[in-house]
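Since the structure comes first, as structure tokens, the remarks are kept for the end.
Sequence lines set the chain letters: A, B, ... in the order given, protein chains first and strands last, and positions in each chain run from 1.
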Amino acid sequence: MPERFYVTTPIYYVNDRPHIGHVYTTTVADIVARYERLRGKEVFFLTGTDEHAAKVVDSAEAHDMTAQEWADRNAAQFQKAFEDLGMSHDDFIRTTEDRHKTRVLRYVQAMMESGDVYLGEYEGWYDAGQEEYLPENKAREFEFKSPINGKPLVKKSEKNYFFRLSGYSDGLLAHLDEHPDFLIPPARKNELIGRIEEGLNDVPISRTGADGWGIPMPGDETHTIYVWIDALFNYLTTVDTDDRRAFWPCTMHLLAKDILWFHAAIWPAMLMALGKCPGYEWVGLPGQVCAHSFWIAEGRKMSKSLGNFVDMERIQDYVERFGVDALRYFLAGYGPVGASDRDFAEARFIEAYNKELANVVGNGVNRVATMVGKYCDGTLPEPGDPVPEAEDLRTSVHAAYDRYVPAMDSVRLDQAVEAAVDVFRAMDVFIDRTQPFKRAKDPAEAGTVRTILRECTEAIRIGSTLLSPIMPERMGEVWRRYGFAEPAPGVDSMAAARAWSQVAGGTSVEKGDPLFARYQPPA
RNA sequence: GGCGGUGUAGCUCAGCUGGUUAGAGCGGAGGAUUCAUAAACCUCAGGUCGAUGGUUCGAGUCCAUCCACCGCUACCA
């Protein structure tokens, strides 16, 4: 029975246009999913759309559509974007689907019966645009206008259903203490603990006047389940089926830092509450919440007012110029996976592309293929005479491998990428030291040339395996050219790849076009 | 206001529990080579390690204070 691995992205707000933020989180999830599949695990990778916000109704009206039509149209844009980028998600959940709605109802019903959801009264300043209440002090700070769109806040008092978050601060703190890796990066965990220790209030989880859009509170049609609560449950509803239930608890939730509180405080508390209900004993807490930071665009914060979002059009432009895999490489290697924001800047992209992908990885693959072609008639030779420098190569490659695995396991994609590229750097150094191209002129050295090229081939096999979750298409092409076996599902191909001397001689090696053609900026 | 973080060569950053002349990559300069994508290779950076004051035989590396910026959060108006 293979180990299971369940990874999620947030479900994306269907009123948004897909942009670099969505693409980034989903790409990171995709890389994690591919890596874990390579580890031989049974992976379930989920993404989707969050559709029950009241603003969806407004936007639909503005476009002369029904809310459902509008949601359909926009959800399709996300689906297309992820499809175009080759994401390997196993399912795409939409909160307007019956399979989601029916289960959310059951969960909330159960928590009402257990007393963790109760009817109470809430008074506050409501921001209709954000569908959020602001506490009195906060509202005053913004002069009773929405901090987002500047529209006046509305003083509202209403009966609401509340979730008893206040009852879970000890439970949350204990969980964070017992599971040090529950929330990464560590800086976020400190923030979270600090905030929990300041005290937790119960949170309203329903609103009124939703006009039939959204999921009604069980037994009270006048209330609709607050969209955030509805949305969080997607992680559970999608796998709450007989054949998928074993994927719960979710292994990893990936998300951006702005929605950390919902995922690392409210969501786990809700799961604790639900897990106490009869029939839901199987509902445990997710293994890890991984909160990355933001991309900024060419040094400036992305904002609607600046209109400088890196949108799909711009992303497509990068894909056309550099390829999807190069985009993935940049996102992984230079992205805000840690606690600080990163700059999506063309100059950084081109530098990474030329210096690492073209000059090191692509060039290395090409370099060896050419030599095999010239010195061995394009056929991978059997090893020949010993070459002492090979020991250094193996040591370097294994050291890189051993840095890569823990980096991937902790979602430090930047470090993982660097380690993987180091394999190719080590191979370059090895070639420079041993100079097979000089030895090739001396017939007495034919045996060492064969050995050198075989060693290089091993390095390429291992390096391409490490890079394959990040650049599946290009690394697949390397495997094809060199005749390497494709990783088989269900076995830990990553662990197996570490061993040396796995490539059989006698297979032909194809040179092919440059893997990553050097990019010349238009002068 | 509180808590936390960051501030190291032109740029992007490494520097774990304090210890020989403070590192890498990129950019820039020179050289060498030809197996490779006009690329890969070698050499070259004398930078108050944000500021000041401490602890110590010895501090980017610990302590205090201050400055700048960032994050979470509170409060006042």
Rounded distance (Å) that lies between atom P of B:rC13 and atom OH of A:Y334: 12 Å

Please give the distance between the P atoms of B:rG27 and B:rA39 as a whole number of Å. 10 Å

Does B:rG60 count as syn, meaning its glycosidic angle lies within 90° of 0, or as anti? syn

Closest-nucleotide mapping onto RNA chain B: is A:L357 or A:E351 further toward the 5' terminus? I mean the 5' end. A:E351

C1'-based separation of B:rC72 from B:rA29 [nearest Å]: 47 Å

Closest-nucleotide mapping onto RNA chain B: is A:E198 or A:V368 further toward the 5' terminus? I mean the 5' end. A:V368

What pairs with A:T25 under side chain to side chain donor-acceptor pair (under 3.5 Å), at least two apart in sequence or on another chain? A:H292

May I ask you to say what A:Y375 touches in the nucleic acid, namely base, sugar-phosphate or nothing, with a heavy-atom cut-off under 4.0 Å? sugar-phosphate

Note: A:R314-A:E346 ion pair, threshold 4.0 Å (strictly below): yes

To the nearest angstrom, the CG-C1' distance between A:D341 and B:rC72 comes to 14 Å

Where the side chain of A:D432 is defined as all heavy atoms beyond and including C-beta, which of B:rC26, B:rC41, B:rU34 is the nearest nucleotide? B:rC41

In whole angstrom, give me the gap between the C1' atoms of B:rC57 and B:rC66. 29 Å

From the set B:rU73, B:rU37, B:rC35, return the single nucleotide nearest to any side-chain atom of A:N363. B:rU37

Separation of atom CD1 in A:I193 from atom C1' in B:rG71, rounded to whole Å: 16 Å

Base-pairing mate for B:rU43 - Watson-Crick or G-U, with both contacts under 3.5 Å: B:rA29

Give a yes or no on whether a salt bridge exists between A:E351 and A:R348, defined as a side-chain N under 4.0 angstrom from a carboxylate O. no

Check this one for me: any side-chain N or O of A:K355 less than 4.0 Å away from OP1 or OP2 of B:rG27? yes

Is the phosphate of B:rC35, meaning OP1 or OP2, less than 4.0 Å from a side-chain N or O of A:R367? no

Name the nucleic acid region contacted by A:R188, choosing base, sugar-phosphate or nothing; use a 4.0 angstrom heavy-atom cut-off, strictly under. sugar-phosphate

Whole-Å distance separating the CD atom of A:E418 from the C1' atom of B:rC26: 13 Å

Looking at every strand, decide which applies to A:N359 at a 4.0 Å heavy-atom threshold: base, sugar-phosphate, or nothing. sugar-phosphate

Quick one: is B:rC72 close enough that its OP1 or OP2 comes under 4.0 Å of any side-chain N or O from A:R195? no

Mind checking the P distance from B:rU6 to B:rG50? Whole angstroms is fine. 12 Å

Regarding A:D442 and A:R439, does a basic nitrogen lie under 4.0 Å from an acidic carboxylate oxygen? no

Heavy atoms under 4.0 Å, any strand shown: does A:L515 hit a base, just sugar-phosphate, or nothing? base

Give the nucleotide from the list B:rU33, B:rC72, B:rC35 with an atom nearest to the side chain of A:M371. B:rC35

Span that lies between the C1' atom of B:rG10 and that of B:rG18, in whole angstrom: 30 Å

Nucleotide B:rC13, atom P - distance to CZ of A:R342 in whole Å: 6 Å

To the nearest angstrom, the CD-P distance between A:E356 and B:rU12 comes to 17 Å

Roughly how far apart, to the nearest Å, are B:rA22 and B:rU37 at atom P? 42 Å

One thing to verify: whether A:E477 and A:R480 come together as a salt bridge, which I'm taking to mean a side-chain N less than 4.0 angstrom from a carboxylate O. yes

Is it possible for you to check whether A:K257 lies under 6.0 Å from the centre of the six-membered ring of A:F294, through NZ or CZ, and within 45° of that ring's axis? yes

Integer angstrom distance from the P of B:rC11 to that of B:rU55: 34 Å

Remember a base hit wins even if backbone is also touched, and classify A:G194 as base, sugar-phosphate or nothing at under 4.0 Å, heavy atoms. nothing

Distance, P atom - from B:rC63 to B:rG23, rounded to whole angstrom: 25 Å

Is A:K511 close enough to B:rU37 that one of its side-chain N or O atoms is under 4.0 Å from OP1 or OP2 there? yes

Given A:Y353, which partner from the list A:F322, A:Y329, A:Y519 fulfils the ring pair (Phe, Tyr, Trp, His ring centres under 6.0 Å) test? A:F322

Integer-rounded Å distance: B:rC35 C1' and A:M427 CE: 11 Å

